[in-house]
Undergrad: 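Attaching a single structure in structure tokens format; questions to follow.
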Amino acid sequence: MPTMAHATHAVDGIARLHLALPVRPDLARIPDLLGSAEAGWLGERVREADGSTREYACDLELPAGDMGPILFRKSAIVGLGEPALDGAGWLIPIEWHAATFKPLFPVFAGTLTVTERQVVLDGHYAPPGGRLGAVLDVALLNVAARGTGRWFLRKVAAALGS
């Protein structure tokens, strides 16, 4: 399994999440896989949020590290914007939030970038719980944010056939 680069930094209660996974995708497939109305690899389409964002119901997963095949799952809504071709690859706006018990879980907004060599998730999330949540995120909860982000990048890589 390739190693992922990652970093999180909390500033004023908002944490940055930056993860990268080496891949070798077929960039020509990006509009169909990440820009079509149907993204079965991600989950069930729930609605179109604002005309350019498509929302899907899925279970975000967090592997429990060294505890064996234990997986924590949380029902979430993932929004994907329209893919835009950039000089380096494709940029896709992305966001997610819990489908239930929203105040107890972080909200993420950022960009998914797919190049010929990697897929990158870059954005910010608001840890739940205000200032206390931000302190807990620095101490512990960012592990969950990174784990969920890594899981999502692997899911994207699998959909891209990498």
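Residue numbers start at 1 and run along the sequence shown.
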Undergrad: Under 4.5 Å between any side-chain heavy atoms of Arg154 and Leu21, yes or no?
TA: yes
Undergrad: Show me the pairs that pass salt bridge (charged side-chain N to carboxylate O under 4.0 Å, His left out) and involve residues 27-37, at least two apart or across chains.
TA: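 Sorted pair list comes back empty.
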Undergrad: What's the verdict on side-chain contact (heavy atoms from CB on, under 4.5 Å) for His18 and Val120, showing C-alpha distance, side-chain angles and the deciding distance?
TA: CA-CA 7 Å; His18 179 87; Val120 177; 3.5 Å; yes
Undergrad: Rounded at 0.5 Å granularity, tell me how far CG in Leu160 sits from CG in Asp26.
TA: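 Here the interatomic distance stands at 9.0 Å.
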Undergrad: With side chains defined as the heavy atoms from C-beta onward, is the minimum distance between Thr111 and Ile94 less than 4.5 Å?
TA: no
Undergrad: Would you check if His124 and Leu17 make a side-chain contact, meaning some heavy-atom pair closer than 4.5 Å?
TA: no
Undergrad: Taking the side chain as C-beta and beyond, is there a heavy-atom pair between Leu112 and Val119 under 4.5 Å?
TA: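 Yes, side chains in contact.
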Undergrad: Could you work out, with side chain to side chain contact (heavy atoms under 4.5 Å, CB included) as the rule, every residue matching Leu27, not counting sequence neighbours?
TA: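 Leu27 satisfies side chain to side chain contact (heavy atoms under 4.5 Å, CB included) with Pro25, Ile30, Trp90, Val114, Glu116 only.
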Undergrad: Do Ile92 and Glu82 have side chains that get closer than 4.5 Å, going by heavy atoms?
TA: no
Undergrad: Would a 4.5 Å heavy-atom cut-off, applied to side chains only, mark Arg45 and Arg54 as touching?
TA: yes
Undergrad: Centre-to-centre under 6.0 Å for Tyr125 and Trp96, is that the case here?
TA: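 When the ring centroids of Tyr125 and Trp96 are compared, they turn out to be at least 6.0 Å apart.
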Undergrad: The test is side-chain contact (heavy atoms from CB on, under 4.5 Å); show your working for Val156 and Leu42 and say whether it passes.
TA: CA-CA 8 Å; Val156 170; Leu42 181 55; over 6 Å; no
Undergrad: Out of curiosity, Asp86 CG to Thr115 OG1, how far, rounded to the nearest 0.5 Å?
TA: 10.5 Å
Undergrad: Do Tyr56 and Ile77 pass the side-chain contact (heavy atoms from CB on, under 4.5 Å) test, and can you show the C-alpha distance, the side-chain angles, and the key distance before you say yes or no?
TA: CA-CA 6 Å; Tyr56 302 89; Ile77 304 298; over 6 Å; no
Undergrad: Indicate if Val107 and Trp151 have the same hydrophobic cluster label, given that clusters are the connected sets of ILVMFWY residues with side-chain heavy-atom separations under 4.5 angstrom.
TA: no
Undergrad: With no hydrogens and no angle check, is any side-chain donor or acceptor of Arg150 less than 3.5 Å from a backbone partner on Ala20?
TA: no
Undergrad: Locate the shortest heavy-atom distance separating Ala57 from Val46; write the atom from each residue and the value.
TA: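 Reported closest heavy-atom pair: CB-CG1, 3.6 Å.
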Undergrad: Should Leu121 and Leu33 be counted in the same cluster of Ile, Leu, Val, Met, Phe, Trp and Tyr side chains packed under 4.5 Å apart?
TA: yes
Undergrad: Which atom pair, heavy atoms only, marks the closest approach of Cys58 to Gly43?
TA: CB-CA, 4.4 Å
Undergrad: Could you check whether any side-chain N or O of Lys155 sits under 3.5 Å from a backbone N or O of Trp41, counting only pairs where one atom can act as donor and the other as acceptor?
TA: yes
Undergrad: Minimum heavy-atom separation for Pro127 and Ala15, please, with both atom names.
TA: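 Closest heavy-atom pair between Pro127 and Ala15: CD-N, 4.4 Å.
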Undergrad: Checking Phe152 against Leu19 for the side-chain contact (heavy atoms from CB on, under 4.5 Å) test, could you report, in this order, the C-alpha distance in whole Å, the side-chain angles of both residues, the deciding distance, and whether it holds?
TA: CA-CA 10 Å; Phe152 186 78; Leu19 299 161; over 6 Å; no
Undergrad: Nearest 0.5 Å, what's the CG-OG1 distance between Leu153 and Thr148?
TA: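 Atom-to-atom, Leu153:CG and Thr148:OG1 are 11.0 Å apart.
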